Colleague: 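Encoded as structure tokens, here's the structure I'll be asking about.
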Number of protein chains: 2
Amino acid sequence: MSHTAECIFCKIVAGEIPCLKVFEDDAVLAFLDIGPLADGHVLLIPKRHYERLDAMPADAASELMQHLPRLAAAVLAATGADAYNILVNIGPVAGQLVMHVHVHIIPRANGDGLGYRWSAKQYQGDRGKQLAGQIASRLA
Amino acid sequence: MSHTAECIFCKIVAGEIPCLKVFEDDAVLAFLDIGPLADGHVLLIPKRHYERLDAMPADAASELMQHLPRLAAAVLAATGADAYNILVNIGPVAGQLVMHVHVHIIPRANGDGLGYRWSAKQYQGDRGKQLAGQIASRLA
């Protein structure tokens, strides 16, 4: 869970690799994605190395995510965008390329061709109720 | 910013519309998406009506997002998935259909055809530096 020598985001935090920083405090760093999907595409990361969001303590997640409203507002103001997606990919199958938790803020515009692939299903029979119970029991 | 009579999520919070609840406390509610992209697709919402994440106070965002690690872990445990996306759509152009902030937790599997459409660009010349400065100046 600590700094890993091979982690590119840990190297950015350590100042060993440059970034286009937009915000920093003791616990977090925000900078422009070097391969932006849109102008002003920002990454928000915890300075401490966590590979997965589900492995972060609640207070660390809270400390990270509390910055999203202000960051998003600043990105919109600077880019003139009105809409955006917040995206976190956890696990290679979900698109996580850097194994250090990062939150994407992606400004959106009409016809930009971005967005999440949407293909909604429906639960059959009791499947939904069953799943909700299984998830809820782990949170009780 | 308060309860709006027409908001479907406010009605779910008020118990006027049923949901498949997985977690609840004083400030937040989590339930299965009724049109899931994958089994165990969960929505996490603040009980108070906020239309946009960028309009939420930092502490409200924090209060909401602190639950993501535990919720995600429970979804993974219940579904057997190993990967997931966290997604928030803000603004109709970004795919927001219900105008009450909601955080998607979407379990992922190999070959599910989901995920974010990725089409990375590069900043030309000083454009990145300029944008970073414009965003940073609003956060200073």
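Computed from a predicted structure; not experimentally measured. All chains are named by letter (A, B, ...) in the order of the sequence lines, taking the proteins before the strands, and each is independently numbered beginning at 1.
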Colleague: Can you tell which of B:N85, B:N110, B:L114 makes a side-chain contact (heavy atoms from CB on, under 4.5 Å) with A:V93?
Modeller: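 The residue from B:N85, B:N110, B:L114 that satisfies side-chain contact (heavy atoms from CB on, under 4.5 Å) with A:V93 turns out to be B:N110.
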Colleague: Can you tell me which of A:G111, A:G40, A:S137, A:G95 forms the most heavy-atom pairs within a distance under 4.5 Å of chain B?
Modeller: A:G40
Colleague: By a 4.5 Å heavy-atom criterion (distance strictly below it), what part of B:V103 contacts chain A: side chain, backbone, both, or neither?
Modeller: neither
Colleague: Among A:A120, A:G91, A:A72, A:G113, who wins on heavy-atom pairs under 4.5 Å with chain B?
Modeller: A:A120
Colleague: So which heavy atom on A:L68 is nearest to which on B:M65, and how close?
Modeller: CD1-CE, 4.0 Å
Colleague: Mind ranking A:I135, A:I90, A:L20 by heavy-atom pairs under 4.5 Å with chain B and telling me who comes out on top?
Modeller: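 Among A:I135, A:I90, A:L20, the one with the most close pairs to chain B is A:I90.
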Colleague: Looking only at heavy atoms, which two atoms of B:A73 and A:D54 are closest? And how far apart?
Modeller: N-CB, 4.0 Å
Colleague: Check each atom of A:I34 against the heavy atoms of chain B and say whether the ones under 4.5 Å are side chain, backbone, both or neither.
Modeller: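 Only the backbone of A:I34 comes within 4.5 Å of chain B.
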Colleague: Measure the CD1-CD1 distance between A:I86 and B:I86 for me, rounded to the nearest 0.5 Å.
Modeller: 11.5 Å
Colleague: Indicate yes or no: at least one non-hydrogen side-chain atom of A:Q130 is less than 4.5 angstrom from one of B:D39.
Modeller: no
Colleague: Sort A:L32 into side chain, backbone, both or neither according to what part of it lies under 4.5 angstrom from a heavy atom of chain B.
Modeller: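 Side chain of A:L32 only, per the 4.5 Å heavy-atom cut-off to chain B.
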Colleague: Report which part of B:H104 has an atom under 4.5 Å of a heavy atom belonging to chain A: side chain, backbone, both, or neither.
Modeller: side chain
Colleague: Restricting to non-hydrogen atoms, name the atom on A:L87 and the atom on B:W118 that form the minimum distance, rounded to 0.1 Å.
Modeller: CD2-CZ3, 3.6 Å
Colleague: With only heavy atoms counted, which part of A:A60 is less than 4.5 Å from chain B, the side chain, the backbone, both or neither?
Modeller: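 Contact with chain B: none, neither part.
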Colleague: Taking every heavy-atom pair that is under 4.5 Å apart, which of A:Q134, A:R70, A:K21 has the most such pairs with chain B?
Modeller: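 Most heavy-atom pairs within the cutoff with chain B belong to A:R70.
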Colleague: Taking the side chain as C-beta and beyond, is there a heavy-atom pair between A:L139 and B:L71 under 4.5 Å?
Modeller: yes
Colleague: Please report the closest heavy-atom contact between B:S119 and A:L37, naming both atoms and the distance.
Modeller: N-CD2, 3.3 Å
Colleague: Where does B:A109 contact chain A at under 4.5 Å (heavy atoms): side chain, backbone, both or neither?
Modeller: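 Backbone of B:A109 only, per the 4.5 Å heavy-atom cut-off to chain A.
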Colleague: Counting only heavy atoms not in B:K129, do more than 12 sit closer than 6.0 Å to its NZ atom?
Modeller: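 Atom NZ in B:K129 is not packed in, count stays at 12 or less.
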Colleague: Could you tell me which of B:A58, B:P107, B:A77 has the largest number of non-hydrogen atom pairs under 4.5 Å with chain A?
Modeller: B:A77
Colleague: Can you say whether A:A81 sits under 4.5 Å from chain B via the side chain, the backbone, both, or neither, judging by heavy atoms?
Modeller: neither
Colleague: Looking at every heavy atom in both A:Y84 and B:A94, which two are closest together, and how far apart are they?
Modeller: O-CB, 3.3 Å
Colleague: For the atom pair CZ (B:R108) and CG (A:N89), what is the distance rounded to the nearest 0.5 Å?
Modeller: 7.5 Å
Colleague: I'd like to know which of A:D112, A:I106, A:V42 tops the heavy-atom pair count under 4.5 Å against chain B.
Modeller: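 Sorted descending by pairs with chain B, the first entry is A:I106.
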